[in-house]
Amino acid sequence: MDAMRNNDIKRKFAVVTGAGSGIGRAVARLLGEAGWSVALAGRHSETLEETAREMSGDVLSVRTDVSRPEDVDALFAAVSERYGRLDLLFNNAGTFGPGGISLEDLPYSAWRKVLDTNLTGTFLCAQAAFRLMRAQRPQGGRIINNGSVSAHAPRPDSVAYTATKHGMTGLTKSLSLDGRPYRIACGQIDIGNAATDMTERMRRGVPQANGELAVEPVMDVADVARTVLHMAELPLEANIQFATVLATAMPFVGRG
């Protein structure tokens, strides 16, 4: 641990939530290739270990349910013990919730699960990261929140997911403002149709605002990872406040 703390100041340390699959896995892998030490967080130890086996460099895996404050506390305690500082949090963990359920039939339990994971979990991780980044020397760091194009426009039957992603934008802005005195930068990446297990349904056809069912194009998840890496490696004097990266031909601009 002491050797890690005394390492070259250019060494960077990151936490990636939702790192067991999809966007989180792609971002973690690219950060590792770029020389970052990466703490992987996710609900399933098995998938975290799969991600770790695909990575190069220093990796720490911590099973974490971001909706549980005690899990988040344990994650950041492990990061502090292992690395002694934190330069980046990529708040990526999230769930869409049950699909195809109309507003009037959505169970309260499903609403709470999406809210607790997507918004409360992001807050808890950001709060813990903020504490480390404010106290460490040199002071500061960066938080990148995974928003969604649903932070701008909803899909049919997506009230819980859309509400959390609109809330994510407010959280990002507040973190940016509150982090200014401590060199803590916060930005948000809004992603549309990256090719992951979560978006596999896009290739089969998903409901559109006009009531039709349509197949939607997807993009390589590596393009998302490269965007996150670019945001992450800016000097703290610069920040990408909001970035939108999406499959070029997806029905987003002009949706409806």
Side-chain angles (χ1 to χ4, degrees), residues 5 12-20 23-24 27-28 31 36-43 48 60-95 111-148 151 160-161 163-191 228 231-232 234 236 239-243:
R5 290 178 190 271
K12 298 291 187 179
F13 305 98
V15 169
V16 176
T17 68
I23 291 168
V27 168
L31 286 169
W36 290 66
S37 295
V38 185
L40 309 174
R43 291 184 297 120
L48 292 180
L60 171 67
S61 296
V62 184
R63 196 211 65 78
T64 308
D65 181 342
V66 297
S67 70
R68 296 171 58 88
E70 59 271 28
D71 279 19
V72 173
D73 288 344
L75 166 64
F76 285 88
V79 169
S80 181
E81 174 67 21
R82 174 73 167 263
Y83 299 137
R85 70 173 288 112
L86 178 64
D87 298 291
L88 172 69
L89 165 64
F90 180 41
N91 258 325
N92 170 69
T95 180
W111 165 268
R112 280 304 306 263
K113 182 177 180 180
V114 176
L115 185 69
D116 289 347
T117 300
N118 294 6
L119 194 55
T120 301
T122 296
F123 161 73
L124 291 172
C125 289
Q127 183 183 54
F130 197 99
R131 288 169 176 155
L132 285 181
M133 292 172 177
R134 179 176 174 176
Q136 66 196 9
R137 296 294 181 270
Q139 192 178 60
R142 189 180 306 276
I143 298 170
I144 300 174
N145 294 328
N146 183 346
S148 167
Y161 183 79
T164 62
K165 294 306 182 178
H166 277 66
M168 185 80 79
T169 300
L171 179 61
T172 297
K173 291 178 179 179
S174 288
L175 290 170
S176 285
L177 180 60
D178 294 344
R180 283 181 187 173
Y182 313 109
R183 300 187 75 243
I184 300 172
C186 184
Q188 179 171 314
I189 181 168
D190 295 326
I191 303 164
V228 173
M231 296 171 73
L234 287 172
L236 290 178
N239 186 42
I240 295 176
Q241 188 65 66
F242 293 99

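Heavy atoms only: backbone and side chains are in, while hydrogens, waters and symmetry mates are out.
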For S176, the side chain to side chain donor-acceptor pair (under 3.5 Å) test, sequence neighbours excluded, returns Q241
Non-hydrogen atoms of I184 and G140 that approach each other most closely
CG1-CA, 4.2 Å
For K173, all residues meeting side-chain contact (heavy atoms from CB on, under 4.5 Å), sequence neighbours excluded:
T169, F242
Quick note, side chain to side chain donor-acceptor pair (under 3.5 Å) partners involving residues 66-76, not counting sequence neighbours, are R63-D71, D65-S67, R68-E70
Within-4.5 Å side-chain heavy-atom neighbours: N146 and I23:
yes
Ignoring hydrogens, what is the shortest heavy-atom contact between L48 and A41? Give both atom names and the distance.
CD2-C, 3.7 Å
What pairs with T64 under side chain to side chain donor-acceptor pair (under 3.5 Å), at least two apart in sequence or on another chain?
none
Under the ring pair (Phe, Tyr, Trp, His ring centres under 6.0 Å) test, residues paired with Y161 that sit two or more places apart:
F96
Nearest heavy atoms of N118 and G94, plus distance in Å
OD1-CA, 3.1 Å
The reported gap from CG in L175 to CZ in F130 (rounded to nearest 0.5 angstrom) is 7.5 Å
Rounded to the nearest 0.5 Å, what separation is found between the NZ atom of K12 and the OG atom of S37?
12.0 Å
Are T122 and N91 close enough that a side-chain donor and a side-chain acceptor fall under 3.5 Å?
no
Between atom CG of L119 and atom OG1 of T164, what is the distance when rounded to the nearest 0.5 Å?
6.5 Å
With T17, which residues qualify under side chain to side chain donor-acceptor pair (under 3.5 Å), at least two apart?
none
Results of side-chain contact (heavy atoms from CB on, under 4.5 Å) for A39 - residues two or more places apart only:
V15, L60, V79, Y83
Can you measure from CG (L124) to OG1 (T117) and round to the nearest 0.5 angstrom?
10.5 Å
Going by side-chain contact (heavy atoms from CB on, under 4.5 Å), name the residues that satisfy it together with A129, two or more places apart in sequence or in a different chain.
F76, L86, L89, M133, I143
Sorted by chain and number, sequence neighbours left out, side-chain contact (heavy atoms from CB on, under 4.5 Å) with I189 holds for F90, I144, I191, V224, T227, V228, M231, V245
Partners of D87 by side chain to side chain donor-acceptor pair (under 3.5 Å), sequence neighbours excluded?
R85
Check whether any side-chain heavy atom of C186 sits under 4.5 Å from a side-chain heavy atom of N145, and report yes or no.
yes
Return each pair, listed once, that meets salt bridge (Lys or Arg N to Asp or Glu O under 4.0 Å) where at least one residue sits in residues 113-127; pairs must be two or more places apart or across chains.
R112-D116
Check the pair M168 / H166 against side-chain contact (heavy atoms from CB on, under 4.5 Å), numbers first and verdict last.
CA-CA 5 Å; M168 185 80 79; H166 277 66; over 6 Å; no
Only pairs at least two apart or in different chains count here, so list each side chain to side chain donor-acceptor pair (under 3.5 Å) that has a residue in residues 123-134.
R134-Y182
Walk me through whether D190 and S148 qualify under side chain to side chain donor-acceptor pair (under 3.5 Å).
CA-CA 4 Å; D190 295 326; S148 167; over 6 Å; no
One should read off an interatomic distance between F123 CZ and S174 OG, to the nearest 0.5 angstrom, of 10.5 Å
